2 protein chains.
Amino acid sequence: MEGIKLTDLQKTLVEKLGVVFEHAGSQPAPSRVLSLLLVADNTELTFDEIWQTLKISKSAASNAINLLLTTNKIEYITRTGNRKRYFRSRITSWREEMRNSLHGLLHVSKLYQEVLDQRPKSTKEFNASLKDVIEFTEFLHQELDSIFLKWELRKKK
Amino acid sequence: MEGIKLTDLQKTLVEKLGVVFEHAGSQPAPSRVLSLLLVADNTELTFDEIWQTLKISKSAASNAINLLLTTNKIEYITRTGNRKRYFRSRITSWREEMRNSLHGLLHVSKLYQEVLDQRPKSTKEFNASLKDVIEFTEFLHQELDSIFLKWELRKKK
DNA sequence: TATTTAGTTCATAATTTGCAGAACTAAAGA
DNA sequence: TCTTTAGTTCTGCAAATTATGAACTAAATA
């Protein structure tokens, strides 16, 4: 048996999502692995199921999976008396990932501050915008929890 | 004269920012052009100043500039009796750009909805997370203006 | 001890990307 | 009309990125 069975719709979705992830900066193979783990009926797939279903080489799958593991996009579980690893998307930790993305923006912010520090005082509007971006990013980072909270309150209703 | 003069700090900042933009998915030359327009004392630079300062070819500069123009990262102004275009960063429209980024996320959200629509009902927690991501993205999109507002109120104090 | 399993690593091979250089163009000026 | 200016467009190439297949490995099983 070669990989898992996907409907035509599922195959299309894997490719469409794959392209979206590529545009977001991810490589082709990792993008497709991640997509497959979102689209497949079974959310926990083995190494063999992944490369056989996506029709990519074992080495491409190995590299893709390890990249996704180190970037915390996926994780794996094991089962007693079974050497296989079952890989799954970490979508359930999406809040955590969003926080991390914002942390990345904070790093850009620090660079913007360095830029601002060395700018001539004369370009007032420009400098003010730069300062706005820096401050708003920091604000967003501080506010994230209360934004989550507000959303959860609204959701309950 | 070859391009504009940059201090060593400015040169370093152009490269550091350039790398950051590259990590965000932008190509090398557009990244450097965008960085230069943030770092240079003069916020409005001509085509010749850009390629000569960055030591890239005219074609690389032309392509980079046009890409940045079509993605609304930069704009240009002209001056009477002068055929040159003066390019500048659109950083002052950063709110608009943020709104657009969120709009892009909304597009991903639509795909996630397609994924969710075809998923088996049995993977409850997984599906719930997917739904959360979709709904939170929409929430954020709706809330953006009031988040801006809250930030501006806080800023005044 | 031999074999199978679940991957990993390595040496390329195949694309893809991004840039340079040169030729080109359209408008303005001399 | 010739030249200059302010770019654009068109190859061609070098480098970087990705993928492949085959050989390898370490643990478990027979």
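Computed over heavy atoms, backbone and side chain alike; hydrogens, waters and symmetry mates excluded. Not measured: the values here are computed from a predicted model. Chain A is the first sequence line, chain B the second, and so forth, proteins listed ahead of strands; every chain is numbered from 1.
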Could you name each residue pair satisfying ring-ring contact (aromatic ring centres under 6.0 Å, His included) that touches residues 5-27 of chain B, not counting sequence neighbours? none
Restricting to salt bridge (Lys or Arg N to Asp or Glu O under 4.0 Å), what partner residues turn up for B:Arg85, sequence neighbours left out? none
Please pick, from D:dT8, D:dG7, C:dG7, the nucleotide with the shortest atom-to-atom distance to any side-chain atom of B:Ser62. D:dT8
All side-chain contact (heavy atoms from CB on, under 4.5 Å) counterparts of A:Ser101, not counting sequence neighbours: none
Interatomic distance, B:Ile65 CD1 vs D:dG7 C1' [rounded to whole Å]: 9 Å
Could you go over nucleotides 17-24 of chain D and give all protein N or O partners under 3.5 Å, atom names and distances?
unit_1: D:dT18; atom_1: OP2; unit_2: A:Gln27; atom_2: NE2; d: 3.1
unit_1: D:dA19; atom_1: OP1; unit_2: A:Ala29; atom_2: N; d: 3.3
unit_1: D:dT20; atom_1: OP2; unit_2: A:Ser57; atom_2: N; d: 2.8
unit_1: D:dT20; atom_1: OP2; unit_2: A:Ser57; atom_2: OG; d: 3.0
unit_1: D:dG21; atom_1: O6; unit_2: A:Ser59; atom_2: OG; d: 2.8

Please state how far atom CH2 in B:Trp51 lies from atom C1' in D:dT9, giving the value in whole angstrom units. 16 Å
Sequence neighbours excluded, the answer for salt bridge (Lys or Arg N to Asp or Glu O under 4.0 Å) partners of A:Arg99 is A:Asp145
Think B:Arg85 has a side-chain N or O under 4.0 angstrom from the OP1 or OP2 of D:dT8? yes
Please encode protein proximity along nucleotides 25-30 of chain D as a string of B, S and -, counting only heavy-atom distances under 4.0 Å. --BS--
I need the residues from residues 39-49 of chain A with at least one non-hydrogen atom less than 4.0 Å from DNA chain C; give them sorted by number, or say none. A:Phe47
Please list, chain by chain and in numerical order, all residues satisfying salt bridge (Lys or Arg N to Asp or Glu O under 4.0 Å) with A:Glu15, sequence neighbours excluded. A:Arg32
What pairs of donor and acceptor atoms, side-chain ones from residues 127-134 of chain A against any protein atom, are under 3.5 angstrom apart with sequence neighbours left out?
unit_1: A:Asn127; atom_1: OD1; unit_2: A:Arg119; atom_2: NE; d: 3.1
unit_1: A:Asn127; atom_1: OD1; unit_2: A:Thr123; atom_2: OG1; d: 2.6
unit_1: A:Asn127; atom_1: ND2; unit_2: A:Pro120; atom_2: O; d: 2.9
unit_1: A:Ser129; atom_1: OG; unit_2: A:Glu125; atom_2: O; d: 3.2
unit_1: A:Asp132; atom_1: OD1; unit_2: B:Lys155; atom_2: NZ; d: 3.4

For B:Lys16, enumerate each residue passing the salt bridge (Lys or Arg N to Asp or Glu O under 4.0 Å) test, keeping only those at least two apart in sequence or located in another chain. A:Glu114
In whole angstroms, the gap separating C1' of C:dG7 from CG of A:Leu68 amounts to 16 Å
Per-pair distances, 0.1 Å, donor-acceptor, side chain in residues 60-68 of chain B, under 3.5 Å, sequence neighbours excluded:
unit_1: B:Asn63; atom_1: ND2; unit_2: B:Ser59; atom_2: O; d: 3.2
unit_1: B:Asn66; atom_1: ND2; unit_2: B:Ser62; atom_2: O; d: 3.1

Apart from B:Ile77 itself, which Ile, Leu, Val, Met, Phe, Trp or Tyr residues share its cluster (side-chain heavy atoms under 4.5 Å, direct or through members)? B:Tyr86
Would you kindly say whether A:Asp117 and A:Gln113 are connected by a side-chain donor-acceptor distance under 3.5 Å? yes
